[in-house]
Number of protein chains: 2
Amino acid sequence: MARDDLNAGLLMFVAYRAMEKRVLDAIAAAGFDDITLAQARVFQRIGPDGTRLGELAEQAQVTKQTAGFLVDQLERAGYVERTPDPADARARLVRVAERGRTAGVVAAAVVAEVEGEWAAHLGARRMTQLREALGMLREITDPYRPR
Amino acid sequence: MARDDLNAGLLMFVAYRAMEKRVLDAIAAAGFDDITLAQARVFQRIGPDGTRLGELAEQAQVTKQTAGFLVDQLERAGYVERTPDPADARARLVRVAERGRTAGVVAAAVVAEVEGEWAAHLGARRMTQLREALGMLREITDPYRPR
DNA sequence: CTATATTCGTCAGATAATCTGACTATGAAC
DNA sequence: GTTCATAGTCAGATTATCTGACGAATATAG
């Protein structure tokens with residue numbers, strides 16, 4: 001409500017959204033122009049060996065149903081595939097597919113670019129401190145608990 | 001895509017969402033249980049002397065139409081009111097109404113509480129550095145330019 | 001001053017994202 | 001081997017969001 005000293009949450013929103021927009025724009029410019037923001041938010045959480053739907057949902061902070069809805073679309077567009085989970089017949093692993101891998105490379109490059117810009121603006125020291133503080137904050141704010 | 005070193009944007013998402021959830025839950029618990037997350041995102045940007053719809057939209061990063069839709073609901077629920085803008089007959093100022101003011105007090109208290117927890121976890125020094133870094137980041141990431 | 005362009009907000013309609021509740025199949029615990 | 005919990009899906013409803021078009025008021029150019 002104040003103009004000058006936004007609360008820490010709001011400040012994070014601004015930077016977080018900027019990163020998100022930069023990445024999505026770059027991906028779209030690279031030809032991956034189907035893929036929405038909501039889909040990307042789920043996609044980016046897929047681990048190298050595949051991730052269960054429930055975990056994606058938890059990390060993206062949406063319901064399993066919503067995550068499933070978005071993964072359906074990512075699957076139809078060729079960004080991901082679902083494979084049975086060897087460890088549990090109820091579960092399926094969402095994996096990055098070929099098209100997704102290519103898009104992921106573009107995304108990673110932009111993330112690095114933006115982080116570089118941030119580091120340049122803050123200076124290496126402050127950027128390191130920022131990462132450290134955010135990492136610590138995660139300990140008390142992340143509802144997702146990897147098992 | 002990696003589990004351990006999330007990018008800075010993702011880390012901010014986690015903390016930002018945690019703050020958001022804490023505040024919304026507390027507001028709901030205080031009896032303001034109508035008011036959705038999307039509405040709150042617009043509401044919290046209203047300045048002490050009222051703010052134009054367009055500015056709210058810009059800050060919340062949604063279209064004017066979406067902001068208008070949400071303000072309509074906030075207005076019907078008694079959280080805000082619209083008054084003519086003396087400086088421009090096309091515009092209207094969205095102002096916090098009585099009910100909104102009460103909710104705002106609750107919200108501000110929770111924000112302070114959460115920030116206190118963060119400071120306790122990080123230590124005063126790191127919390128200050130975090131604020132500083134985020135404030136600086138805003139200079140290059142905030143699409144909203146107050147006139 | 002007028003003519004033109006821009007900005008502010010709204011209306012209308014379509015689409016996307018999200019949720020709650022109910023259900024099946026499988027796995028875990030006693 | 002019942003009973004309870006978990007993973008995912010189906011169905012339906014609601015909420016949030018966008019694009020496009022518009023009227024009214026303001027700003028700009030000549």
Side-chain angles (χ1 to χ4, degrees), chain A residues 13 17 20-21 24-25 28 33-47 50-77 79-95 144-147, chain B residues 17 20-21 24-25 28 33-46 50-77 79-95 144-147:
Chain A
F13 169 82
R17 285 280 288 176
E20 198 170 60
K21 186 174 185 335
L24 199 67
D25 286 353
D33 54 349
D34 53 345
I35 195 170
T36 66
L37 186 54
Q39 286 165 24
R41 283 175 181 157
V42 167
F43 179 82
Q44 75 184 325
R45 267 116 174 154
I46 302 172
T51 305
R52 289 186 187 178
L53 187 65
E55 288 193 24
L56 291 178
E58 219 178 325
Q59 289 181 56
Q61 305 197 31
V62 295
T63 60
K64 280 191 296 183
Q65 291 91 324
T66 296
F69 171 78
L70 296 169
V71 167
D72 282 347
Q73 301 175 100
L74 287 168
E75 192 174 25
R76 264 184 262 115
Y79 289 106
V80 307
E81 58 195 4
R82 295 198 232 217
T83 61
D85 184 341
D88 189 335
R90 290 169 302 181
R92 296 208 278 165
L93 289 175
V94 178
R95 291 174 176 282
Y144 169 69
R145 302 261 166 276
R147 274 145 277 281
Chain B
R17 285 281 286 177
E20 198 171 60
K21 186 175 185 336
L24 199 67
D25 286 354
D33 54 348
D34 54 345
I35 195 170
T36 65
L37 185 54
Q39 286 165 25
R41 284 176 180 155
V42 167
F43 178 83
Q44 75 184 323
R45 267 116 175 156
I46 302 171
T51 305
R52 290 187 186 177
L53 187 64
E55 289 194 23
L56 291 179
E58 219 178 329
Q59 289 181 58
Q61 306 196 28
V62 295
T63 60
K64 280 190 296 184
Q65 290 90 324
T66 297
F69 171 79
L70 296 168
V71 167
D72 282 348
Q73 301 174 98
L74 286 167
E75 191 173 26
R76 264 184 262 115
Y79 289 106
V80 308
E81 59 196 3
R82 295 198 231 219
T83 62
D85 183 343
D88 189 335
R90 291 168 303 180
R92 296 208 277 165
L93 289 174
V94 179
R95 290 174 176 283
Y144 171 69
R145 302 259 166 277
R147 277 144 276 282

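These numbers come from the heavy atoms of this one structure, side chains and all, not from hydrogens, waters or symmetry mates. Chain A is the first sequence line, chain B the second, and so forth, proteins listed ahead of strands; every chain is numbered from 1.
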- Indicate, with a heavy-atom threshold strictly under 4.0 Å, whether G54(A) touches base, sugar-phosphate, or nothing.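 Sugar-phosphate: the residue G54(A), judged by heavy atoms under 4.0 Å, touches backbone atoms but no base.
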Dump every N/O contact between nucleotides 20-22 of chain C and the protein below 3.5 Å, one line per pair.
| unit_1 | atom_1 | unit_2 | atom_2 | d |
| --- | --- | --- | --- | --- |
| dT20(C) | O4 | Q65(A) | NE2 | 3.4 |
| dG21(C) | O6 | Q65(A) | NE2 | 2.6 |

Using whole Å, report how far [atom1] of [X] lies from [atom2] of [N].
{"X": "L70(B)", "N": "dC18(D)", "atom1": "CG", "atom2": "C1'", "value": "13 Å"}
{"X": "L93(B)", "N": "dA25(D)", "atom1": "CG", "atom2": "P", "value": "16 Å"}
{"X": "I35(B)", "N": "dA16(D)", "atom1": "CD1", "atom2": "P", "value": "11 Å"}
{"X": "F69(A)", "N": "dG8(D)", "atom1": "CZ", "atom2": "P", "value": "18 Å"}
{"X": "Q61(B)", "N": "dT17(D)", "atom1": "CD", "atom2": "P", "value": "12 Å"}
{"X": "L24(B)", "N": "dA16(D)", "atom1": "CG", "atom2": "C1'", "value": "15 Å"}
{"X": "L56(A)", "N": "dT9(D)", "atom1": "CG", "atom2": "P", "value": "11 Å"}
{"X": "E75(A)", "N": "dG8(D)", "atom1": "CD", "atom2": "P", "value": "13 Å"}

- With DNA chain C as reference, determine whether K64(B) or R41(A) sits nearer its 5' end, using the nearest nucleotide of each.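 Here K64(B) is the residue nearer the 5' end.
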Considering residues at least two apart in sequence or located in another chain, which fulfil the side chain to side chain donor-acceptor pair (under 3.5 Å) criterion with [X]?
{"X": "Q65(B)", "result": "none"}
{"X": "D34(A)", "result": "Y79(A), R99(A)"}
{"X": "R82(B)", "result": "D72(B), E75(B)"}

- Listed by chain and number, what are the ring-ring contact (aromatic ring centres under 6.0 Å, His included) partners of F13(A), not counting sequence neighbours?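 With sequence neighbours excluded, F13(A) shows a ring-ring contact (aromatic ring centres under 6.0 Å, His included) to Y16(B), given in chain and number order.
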Provide the closest heavy-atom pair for [X] versus [Y] in the form atom of the first, atom of the second, distance.
{"X": "P86(B)", "Y": "L93(B)", "value": "CD-CD1, 4.2 Å"}
{"X": "I46(A)", "Y": "V94(A)", "value": "CG2-O, 3.4 Å"}
{"X": "D88(B)", "Y": "R90(B)", "value": "OD2-NH2, 2.7 Å"}
{"X": "T51(B)", "Y": "E55(B)", "value": "CG2-CB, 3.7 Å"}
{"X": "R52(B)", "Y": "A91(B)", "value": "NE-CB, 3.7 Å"}

- Message: Using the salt bridge (charged side-chain N to carboxylate O under 4.0 Å, His left out) criterion, which residues pair with E20(B)? Sequence neighbours excluded.
- Response: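 Result, salt bridge (charged side-chain N to carboxylate O under 4.0 Å, His left out) vs E20(B): R17(B), R41(B).
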- Would you mind telling me which of L70(B), V42(B), D85(B), V71(B) makes a side-chain contact (heavy atoms from CB on, under 4.5 Å) with L53(B)?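 Result: among L70(B), V42(B), D85(B), V71(B), V71(B) is the only option passing the side-chain contact (heavy atoms from CB on, under 4.5 Å) with L53(B).
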- Donor-acceptor pair between Q61(B) and Y144(B) side chains, under 3.5 angstrom: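 Looking only at side-chain atoms, Y144(B) and Q61(B) do not form any donor-acceptor pair under 3.5 Å.
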- Task: Pull out every residue in residues 80-91 of chain A that has a heavy atom closer than 4.0 Å to any atom of DNA chain C, ordered by number, or say none.
- Result: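 Heavy-atom contacts with DNA chain C come from D88(A), A89(A), R90(A).
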- Could you give the angle between the helix axes at the two ends of the helix from dC1(C)-dG30(D) to dC30(C)-dG1(D), with five pairs per end, rounded to 10 degrees?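 Rounded value for the end-axis angle: 50°.
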- Item | Out of dG8(D), dT17(D), dT18(C), whichever nucleotide has its closest atom nearest the side chain of T66(B) |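 Closest of the options to the side chain of T66(B): dT17(D).
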- Query: Does OP1 or OP2 of dT7(C) have a side-chain N or O of R52(B) closer than 4.0 Å?
  - Reply: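 The answer is no; no side-chain N or O of R52(B) sits under 4.0 Å from OP1 or OP2.
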